[in-house]
Protein chains: 2
Amino acid sequence: MMEYNVYASACPTRMIFDRLSDKWSLLILHRLRGQPVRFNQLLREIDGISQKMLSQTLKNLERDGLIKREAFPTVPVTVEYSITPLGKTLSSTVGILIRWAQDNGDAVLAAQAEYDERLAS
Amino acid sequence: MMEYNVYASACPTRMIFDRLSDKWSLLILHRLRGQPVRFNQLLREIDGISQKMLSQTLKNLERDGLIKREAFPTVPVTVEYSITPLGKTLSSTVGILIRWAQDNGDAVLAAQAEYDERLAS
DNA sequence: CAGCATCCAAGATGATACTG
DNA sequence: CAGTATCATCTTGGATGCTG
């Protein structure tokens, strides 16, 4: 198996990693891990995201083959975003990452408080 | 166990997740998973990072309790960054994420190419 | 409903020069 | 060597109006 140097910018692995290291991609992918979700529902649920960034991030994820966009000919039109098999494999990893944050959030916040305290004194 | 809504911006888990969802944090953490590394070595190895962002990201990771900074009174001064036990638990998850990118990079690039092809035609 | 286009503001990131 | 300071730029976001 071919091994890459992930710290080199030309490395394909690094390219993918960079693509996903933005503010919204992994969070949205995680939200889509279950049932399909509609655009405006995502907009309501993902706190703090703008319509523009949601639209842009969904398009990128679709381009990466991680999610699928399906439009239904209702009036007005209905659009559902769902996860692909490829995306599914990634979202389970993201789930582990979020679980980590869930489990260790307190420790991180405590470390931050202690760090800030040391600076102030 | 308390459960949070990770999609709400006030959620502690979401706050931690947001903190780590920047361009460099996870990559640097991953690089530090083994032996301690010095500042300029990181600067050389992490392709594309600027001195400013390296400095800033290291400071944030230290504040989060994920890495440790140690200065040695040599001339000129030597500084080593190493991972903490808390950081270790996160870096193994990041390793899984990078492994995913390693294994599925080709599939993503293929999806991107196909997507672009569909648009061009 | 599910977007796109535009303009402007704010924040994140980068390049360069300088220092103990 | 390991940074900081300053200025420039690129990315991201908010607001608004418009469309099928």
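Naming: A, B, ... by sequence-line order, numbering from 1 per chain. Hydrogens, waters and symmetry mates are skipped; everything else that's a heavy atom, side chains included, is used.
- Between B:Arg69 and the phosphate of D:dG3, there is a side-chain N or O to OP1/OP2 separation shorter than 4.0 Å.
- The nearest whole Å value for the distance from the CD atom in A:Gln51 to the C1' atom in D:dT19 is 12 Å.
- In terms of phosphate contacts, B:Lys52 brings no side-chain nitrogen or oxygen within less than 4.0 Å of OP1 or OP2 of D:dT9.
- Contact between the side-chain N/O atoms of A:Arg38 and the OP1/OP2 oxygens of C:dA2 is found at a separation under 4.0 Å.
- Atom C1' of nucleotide D:dG13 and atom CG of A:Leu54 are separated by 13 Å, given to the nearest angstrom.
- The side chain of B:Pro76 lies closest to D:dC1, out of D:dC1, C:dA2, D:dA2.
- As rounded to whole Å, 13 Å separates atom C1' of C:dG11 from atom CE of A:Met53.
- We find that CD of A:Glu70 is positioned 16 Å from C1' of C:dC1, with the value rounded to whole Å.
- Regarding A:Lys23, its NZ atom lies at a distance of 8 Å from the C1' atom of D:dG13, rounded to whole Å.
- Per the geometry, CD belonging to A:Gln41 stands 14 Å off C1' belonging to C:dA2, to the nearest Å.
- At the heavy-atom level, B:Phe72 lies nowhere under 4.0 Å from the strands shown.
- One atom, CG of B:Leu43, and another, C1' of D:dT4, lie 14 Å apart when rounded to the nearest Å.
- Proximity of A:Ser55 to the phosphate of C:dC4: a side-chain N or O atom is located under 4.0 Å from OP1 or OP2.
- Checking side-chain atoms of A:Ser21 against main-chain N and O of A:Phe17 turns up a donor-acceptor pair under 3.5 Å.
- Not one N or O on the side chain of A:Thr78 forms a donor-acceptor pair closer than 3.5 Å with the backbone of A:Phe72.
- At D:dG3, one or more side-chain N or O atoms of B:Tyr81 fall inside 4.0 Å of OP1 or OP2 (strictly under the cut-off).
- Judged by distance alone, with hydrogens and angles left aside, the side-chain atoms of B:Asn104 form no donor-acceptor pair with the main-chain N or O of B:Ala107 at under 3.5 Å.
- In this structure, B:Lys59 and A:Ser50 both approach DNA chain D, and ranking their closest nucleotides by distance from the 5' end singles out B:Lys59.
- A close approach under 4.0 Å does occur between a side-chain nitrogen or oxygen of A:Trp24 and OP1 or OP2 of D:dG13.
- In this structure, B:Lys68 contributes its side chain and B:Glu62 its backbone to no donor-acceptor pair below 3.5 Å.
- Backbone-only engagement by A:Val79 is indicated by non-hydrogen atom pairs under 4.0 Å involving sugar-phosphate atoms exclusively.
- Taking atom CG of residue A:Leu58 and atom C1' of nucleotide C:dC1, one finds them 14 Å apart after rounding to whole Å.
- In the hydrophobic cluster analysis, where Ile, Leu, Val, Met, Phe, Trp and Tyr join through side-chain heavy atoms closer than 4.5 angstrom, B:Ile46 is grouped apart from A:Tyr4.
- Each of A:Val77 and A:Ile49 has a nearest nucleotide on DNA chain D; the 5'-most of these lies closest to A:Ile49.
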